[in-house]
Amino acid sequence: MGIKDLLRFMKPYILPIHIQKYAGKRVGIDAYSWLHKGAYSCSMELCLDTDGKKKLRYIDYFMHRINLLQHYEIIPIVVLDGGHMPCKAATGDERQRKRKANFDAAMAKLKEGNVGAATELFQRAVSVTSSMAHQLVEVLKSENVEFIVAPYEADAQLAYLSSLELEQGGIAAVITEDSDLLAYGCKAVIFKMDRYGKGEELILDNVFQAVDQKPSFQNFDQELFTAMCVLAGCDFLPSVPGVGISRAHAFISKYQSVERVLSVLKTKKGKLFPDNYSSSLVEAVSVFQHARVYDFDAKKLKYLKPLSQSLLDLPVEQLEFLGPDLTPSVAAAIAEGKVDPITMEAFNRFSVSKTPLKTPVRSFKEQEKSGSFLERIELKRTADEAMIDPEAVLKEPKYSKQDLDLHKLVLQPNKDQMVIRTGNPSLIPNNNPFKIRKTDEMNMESEEYGLQQLKVSFGTKSEGMDVSCSSPNSKEHDCSEGQKEVIIDLSKLVDDSGVKQDCEKNREEEGFESTEDDVVEIQGHVNITTKRVRGAKPRTESFKVKTSSTCSENKKAKINKKSSILDFFHRL
DNA sequence: AGCTAGTACTCAC
DNA sequence: GTACTAGCT
């Protein structure tokens with residue numbers, strides 16, 4: 001939702017620019033915007049979780065834009081969303097239901113054979129999942145693109161980076177579609193950046209300094225501006241009925257103080273003014289000012305802006321609304337993309353895996369991002385696959401039978417079973433001209449993700465879980481085109497043979513040859529204690545962990561398409 | 001004039 | 001998440 005009507009209201013201050021303006025500078029990117037847009041190019045594939053490269057087109061979209069920035073010598077800093085703020089309004093159930101309805105309608109159209117109508121409906125059903133985010137993180141890692149997973153809102157983290165000096169790792173501007181960045185006090189924000197690098201920019205200082213410009217913010221400071229945003233209605237607090245951006249601005253201009261505006265509003269609105277509105281507004285403004293963010297240098301959480309005395313006087317428990325505190329190690333693990341910020345599960349070396357949470361209440365964003373029905377994830381792109389004719393892919397008859405099977409899985413998301421198909425995560429779209437990968441880097445990564453990953457925690461209550469996953473030994477990079485397949489049988493609830501067969505079938509279809517020779521297996525037990533920092537009770541669970549790796553050596557030679565940056569821009 | 005609520009859109013072969 | 005708009009106060 002952002003700040004209701006803020007961008008329209010601020011239109012006079014929003015000017016067209018080209019990102020070239022930021023050549024040589026560091027620029028922050030609100031990953032959610034691009035993930036969401038990119039998802040449109042493959043919404044059906046994402047919803048159905050089909051196998052194949054088309055599902056990863058959102059990565060293509062994202063990386064093409066990263067490449068665009070790099071072409072203009074901009075240093076992109078990708079910021080991803082982390083956990084959810086406790087105070088976030090629970091407006092999501094409605095959207096979630098709509099998505100589900102669109103998904104069901106899309107499946108119906110698909111059964112009828114009306115692919116066009118289905119595609120349209122899938123576009124309304126698609127949402128950004130944490131699997132997608134993590135998949136992106138893996139590609140960013142492999143491409144050496146700087147990224148950070150915010151402890152909570154990416155917006156707050158971006159605003160924090162924007163407040164830092166360049167030498168401290170600060171950024172000169174933020175690219176986003178979200179008006180919240182302004183409420184957080186981001187100095188320079190670029191909206192609606194297109195594929196050529198054109199966008200619309202708002203410089204906050206220009207707003208405060210402008211004379212003879214309407215609407216006028218001459219007597220505003222950042223706090224009043226943020227208060228205006230909250231009054232107009234934001235994610236943390238809906239506005240008082242009848243108050244929108246114009247009236248919010250008028251009130252703040254006139255009374256120059258949050259307290260006075262609130263008391264006037266109270267007498268004016270009478271019964272329409274909610275009892276706890278004043279305290280909620282002050283809290284919401286505080287979140288925009290002091291939200292918890294990650295300090296990359298100190299490697300711990302800190303506040304976007306140092307706490308005021310009145311906040312410092314509060315007992316620590318009452319500061320939870322700024323984002324619950326996280327221990328430095330947890331905060332760092334989240335920031336570096338090693339731990340899922342919502343479930344607190346360690347990410348698998350190759351992919352994301354998790355069952356839907358069984359906690360009674362899940363917020364909208366939580367459901368949206370943790371992938372309510374997209375529990376299967378694949379990263380199995382190979383160079384071979386990249387050679388497949390797109391036409392042929394489209395003609396594959398998989399949309400009939402296989403998707404019905406998938407649909408069953410979708411309708412029973414609680415089944416404690418999933419199949420994770422993984423491949424070399426470093427493989428980025430083959431049409432990607434900036435694919436430069438150094439082998440030693442890859443090996444370093446593999447070490448970093450080594451056996452410690454056996455200590456992963458799994459956020460389920462299942463017992464006796466068998467985890468088969470690819471062993472991250474250095475060898476596998478010698479056969480980076482090889483494919484790994486992981487099957488997790490979390491319970492005996494479901495007969496897994498069907499799924500396994502599907503996998504085998506896929507392997508054949510894709511010409512995958514598994515050689516038993518290089519299968520490595522490690523088996524053992526690990527005891528895991530998961531400390532759920534946000535609200536839930538700590539758990540200790542015991543899992544049987546089995547690791548195996550399958551690599552195929554005799555893969556076709558990689559296509560050595562010499563794709564230069566110029567090639568890429570010619571295609572644009 | 002401004003707020004509310006409903007609809008349409010984001011990609012790109 | 002946004003933009004646009006018809007209809008209401």
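In what follows, chains are A, B, ... by sequence order, proteins preceding strands, each numbered from 1.
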What I want to find out is whether Arg57(A) reaches Asp60(A) closely enough, with some N-O distance under 4.0 Å, to be called a salt bridge.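 Looking at Arg57(A) and Asp60(A), the cut-off is not met.
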Could you tell me how far apart [X] ([atom1]) and [N] ([atom2]) are, to the nearest whole angstrom?
{"X": "Lys53(A)", "N": "dC13(B)", "atom1": "NZ", "atom2": "P", "value": "11 Å"}
{"X": "Met228(A)", "N": "dC3(B)", "atom1": "CE", "atom2": "P", "value": "12 Å"}
{"X": "Gln123(A)", "N": "dG1(C)", "atom1": "CD", "atom2": "P", "value": "20 Å"}
{"X": "His64(A)", "N": "dA12(B)", "atom1": "NE2", "atom2": "C1'", "value": "11 Å"}
{"X": "Asp60(A)", "N": "dA12(B)", "atom1": "CG", "atom2": "C1'", "value": "11 Å"}
{"X": "Leu6(A)", "N": "dG2(B)", "atom1": "CG", "atom2": "C1'", "value": "16 Å"}
{"X": "Arg124(A)", "N": "dT7(B)", "atom1": "CZ", "atom2": "C1'", "value": "9 Å"}
{"X": "Tyr196(A)", "N": "dA12(B)", "atom1": "OH", "atom2": "C1'", "value": "11 Å"}

Arg292(A) vs Tyr152(A), side-chain hydrogen bond (donor to acceptor under 3.5 Å, both in side chains): CA-CA, chis, key distance, verdict: CA-CA 7 Å; Arg292(A) 274 206 161 104; Tyr152(A) 300 100; over 6 Å; no
Side chain of Ser41(A) (C-beta onward), nearest among dC11(B), dG1(C), dC3(B):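 Nearest to the side-chain atoms of Ser41(A), counting from C-beta on, is dC11(B).
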Consider the side chain of Asp235(A), meaning its heavy atoms from C-beta on, and name the nucleotide among dT4(B), dG1(C), dC11(B) that approaches it most closely.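 Nearest nucleotide to the side chain: dG1(C).
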Starting from the C-alpha separation in whole Å, work towards a yes-or-no answer on side-chain hydrogen bond (donor to acceptor under 3.5 Å, both in side chains) for Glu201(A) and Tyr22(A). CA-CA 12 Å; Glu201(A) 184 184 52; Tyr22(A) 289 98; 2.2 Å; yes
Looking for any heavy atom pair under 4.0 Å, which part of the strands does Gly38(A) touch: base, sugar-phosphate only, or nothing?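 Counting heavy atoms under 4.0 Å across all strands, no contact is made by Gly38(A).
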Quick one: label Ser246(A) by what it contacts on the DNA or RNA (base, sugar-phosphate, nothing), any heavy atom closer than 4.0 Å.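 If one applies the 4.0 Å heavy-atom cut-off, Ser246(A) turns out to touch the sugar-phosphate alone, with no base involved.
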Would you mind telling me which of Val174(A), Leu7(A), Ile175(A) makes a side chain to side chain contact (heavy atoms under 4.5 Å, CB included) with Phe191(A)?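 Checked Val174(A), Leu7(A), Ile175(A) against Phe191(A); only one passes side chain to side chain contact (heavy atoms under 4.5 Å, CB included): Leu7(A).
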Nearest non-hydrogen partners of Ala284(A) and Phe236(A), listed with the distance: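 Minimum heavy-atom contact is CB-CB, 4.1 Å.
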Under 4.0 Å protein heavy-atom contacts per nucleotide of nucleotides 2-9 of chain C, with B for base, S for backbone only and - for none: SS------
5' priority, DNA chain B, between Ser239(A) and Arg57(A) [closest heavy atom]: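 Nearest-nucleotide comparison on DNA chain B picks Ser239(A).
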Under 30°, 30 to 60°, or over 60°: which ring-plane class applies to Tyr184(A) and Phe288(A), parallel, tilted or perpendicular?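 Ring orientation, 0 to 90° scale: perpendicular.
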Take Ile148(A) and Val78(A) through the test side chain to side chain contact (heavy atoms under 4.5 Å, CB included) and record every step on the way to the result. CA-CA 6 Å; Ile148(A) 174 168; Val78(A) 177; over 6 Å; no
